Amino acid sequence: LSHRSKEDDVDVLAGDVGRGEVGCSDAERRSEQRWPLRPRPFPDELLSSWLIRLAAAHGLKLHTFCSLAWPGKQIWNRDIDKSADSAFLADLAIRSGRTQAEVRATCLGAYEGVTFESGAANGKMRWVLPVGVYSRTRRLFGVQYCARCLAEDAEPHFRRAWRLAFVTECVRHRVPLKDRCPACGAPVVFHRGDMGHKGKRVADPMSSCHACGFDLRRGPSGQLSRTEPDPLLQLVSALEQGLLDRWTLVPGHGPVPTHLYLTGLRQIMCLAAGKRFGARMRAAAAERYGVPDWDRTGDSHQAEFEYLCREDRRRVLRLCAYLLSDWPTGFVEICTELKLWACDALGNLSPAPYWYWSVVHDHLERSFYSPTVEEIAWCIAKNDEVFGGLYFPPHKRIRFIPIWNAAGISVGPHRDALRRRAERASIIKSG
Ligand SMILES: [Zn+2]
Ligand SMILES: [Zn+2]
C-alpha cells in the first residue's frame, strides 16, 4: 500500500458520505464494491490512462487488475476509449467512487454532441484518430502526446484531447504534438508497458515506449513556434475552447455550435485535400498568405482527415486556419479565382451549416437556367412577336420567363454566356 496517496486515503475514509441520492442498501453495496485505492482521473485524462493508474495504485499489472475486476471481459483488444459500453462505465463509476458523469468524461464517446452530432459509423468516430487495433497492439499512430506536458506531470498521463485529429499542437507549450516514439518509431501503446516485463508494473512510468522502453518525456520536445500569432495555433486553441464551451466563434458571423463549426471546417478541408481543386487551392492560398505550398505526402492515400499522416493533418489545418483568419474574404476570392462554385463548395454536405452555406450561397452561386438549343431557337423566332404585344396570361408568363431570359431579352449578367451559346449552336450570327 505504499503507492497510496493522501487523496486516496481521504477517499477511503470518505466512504459514501454525501451520496444522499442512493438508498441505504444500495450505498452499502456500492461501498463494498469499491476498490481500496481510487486515484481520481486528472482533468481531461483518457479512460485507458486512468485505468492504468488505477491498476498501478494497487500494485497490479494492468491485465491482472482488469481480469480481477471484470472476469472474461474483452477490454484491450479494442479501442476501449472509443468503445466502452455504458454497463462497463457504470460499474467503473461504482468501483472507483466517481460519478457517472466524471467517468464518462474520460471517454471519446463523450464528444458526441460536441465534435460530432451523433453515433459512430462503422466503428469510426468523426474527428477521433484511429489506432488500428490489431490483436492487442496498434498499427496506426492514433495516440498523440506532448513531451513537455508529460514531463511536467506529477504522474505522466494521457489526455483525451490528444486523440482528436484536429488537435495537432499543444497550445500550452506552443509545440506540435508527437504521435510516435522518437527512438524506435513505434506507435504509442501505453497500456502495453508492462507486457513481457516480469514484475514491472504498468505505469512505471506510463510515458515509456512499449516497444523499446524509451521515456517519451526525454525526447526532443519540438521547436517552439514563433511568439507572434500563429493561425494554426490560434485555430487549435479556438477548437479546444470550443470543446469546453460547445460554441465556436466564426469571424463576421458570430458563435455557432462547435460541431457545426467543425462540419464546415471539414468541408473546407475536403476541398483543400481533394483531388479536383486541392492542388490549385493550396497553391493559391500559399501565394495569398505566404505559407509554404505543399503536396500530399506519399503515406496519406486516404482522403479522410483522420487517416492523414500527422504532417498532412497539420498542413491541411494550417491552410484552413489561414482561410478562416480572414473569413470569408480569402476563401471567396480563392474559390472565385479557381471557378469553384456553390455546387462543388457544398459537395455532399447536407444539410450545410448556415455559417458556411450563407457564404457559399451569397458569393459562389453561379447556377442559372440553362435552356436547350431548341428553346433558344424558339425564343429568337418569337422575339419580335413577344415584343409586338402578344399577350401571355400571367401563369403562362411565369412559364416563359426563363425562355425569355434565354433569348437575351432580360437575362442581365448571363446575356453574354447565352449569346455565345446561341452562336455556337448557329442560331444567331456572331458579331
Ligand atoms: Zn504541452
Ligand atoms: Zn520506442
Side-chain angles (χ1 to χ4, degrees), residues 1-76 78-114 149-150 152-163 190-191 193-194 201-207 243-244:
L1 291 178
S2 57
H3 316 296
R4 227 169 131 145
S5 72
K6 260 188 183 161
E7 190 177 88
D8 300 327
D9 281 339
V10 170
D11 270 354
V12 170
L13 295 172
D16 254 350
V17 175
R19 300 193 149 262
E21 77 281 8
V22 288
C24 184
S25 58
D26 241 17
E28 275 170 21
R29 187 176 55 81
R30 281 174 183 228
S31 113
E32 270 170 30
Q33 285 178 322
R34 278 189 186 169
W35 289 313
L37 299 164
R38 305 185 299 278
R40 65 188 67 200
F42 289 114
D44 201 42
E45 185 172 8
L46 193 60
L47 173 65
S48 50
S49 169
W50 180 41
L51 284 173
I52 288 166
R53 291 196 306 107
L54 281 163
H58 293 85
L60 293 170
K61 278 177 176 269
L62 177 63
H63 294 274
T64 315
F65 176 76
C66 289
S67 46
L68 284 172
W70 301 283
K73 180 150 180 86
Q74 300 285 346
I75 297 175
W76 300 101
R78 63 195 65 196
D79 186 351
I80 186 70
D81 297 312
K82 206 158 85 174
S83 63
D85 56 75
S86 45
F88 173 76
L89 295 177
D91 193 57
L92 178 57
I94 293 169
R95 290 165 187 270
S96 64
R98 307 260 66 97
T99 65
Q100 299 255 9
E102 273 177 291
V103 171
R104 191 172 143 70
T106 65
C107 300
L108 296 165
Y111 284 130
E112 182 166 341
V114 184
C149 282
L150 289 176
E152 284 175 14
D153 287 341
E155 262 182 276
H157 60 280
F158 285 80
R159 275 61 161 182
R160 193 171 58 132
W162 289 347
R163 289 288 312 272
F190 51 81
H191 70 264
D194 63 354
R201 283 187 303 113
V202 64
D204 220 12
M206 212 191 300
S207 55
L243 296 178
L244 298 173

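Since the structure is predicted, the reported quantities are computational estimates derived from the model, not experimental observations.
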Distance-minimising heavy-atom pair for [X] and [Y]:
X: A105; Y: A110; result: CA-CB, 4.3 Å
X: I94; Y: Q33; result: CG2-OE1, 3.2 Å
X: A161; Y: D44; result: N-OD2, 3.2 Å
X: G97; Y: R34; result: CA-NE, 3.7 Å
X: L92; Y: S96; result: O-OG, 2.6 Å
X: P41; Y: R98; result: CD-CD, 3.5 Å

Rounded to the nearest 0.5 Å, what separation is found between the [atom1] atom of [X] and the [atom2] atom of [Y]?
X: L89; Y: I80; atom1: CG; atom2: CD1; value: 7.5 Å
X: F42; Y: R40; atom1: CZ; atom2: CZ; value: 10.5 Å
X: L47; Y: L108; atom1: CG; atom2: CG; value: 8.5 Å

Where at least one partner belongs to residues 63-74, residue pairs that pass salt bridge (Lys or Arg N to Asp or Glu O under 4.0 Å), sequence neighbours excluded: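 The answer is K73-D85.
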So do [Y] and [X] actually touch side chain to side chain, heavy atoms under 4.5 Å?
X: L51; Y: T106; answer: no
X: R95; Y: V103; answer: no
X: I52; Y: F158; answer: no
X: F88; Y: I75; answer: yes
X: L54; Y: F65; answer: yes

If we ignore hydrogens and angles and just use 3.5 Å, is the side chain of W50 paired with the main-chain N or O of H157 as donor and acceptor?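 Here the side-chain-to-backbone pair does not exist.
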Would you find a donor on one side and an acceptor on the other, under 3.5 Å apart, between the side chain of R160 and the backbone of C107?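 Yes.
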Which word best sums up how the rings of W35 and W70 line up, parallel for under 30°, tilted for 30 to 60°, or perpendicular for over 60°?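 If you compare the ring of W35 with that of W70, the planes turn out perpendicular.
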Begin with the C-alpha distance, continue with both residues' side-chain angles, and end with the deciding distance and a verdict on side-chain contact (heavy atoms from CB on, under 4.5 Å) for D153 and R159. CA-CA 11 Å; D153 287 341; R159 275 61 161 182; 2.7 Å; yes
Can you name the salt bridge (Lys or Arg N to Asp or Glu O under 4.0 Å) partners of R163, sequence neighbours left out? D79, D81
SB check R53 E155 (cutoff 4.0 Å): yes
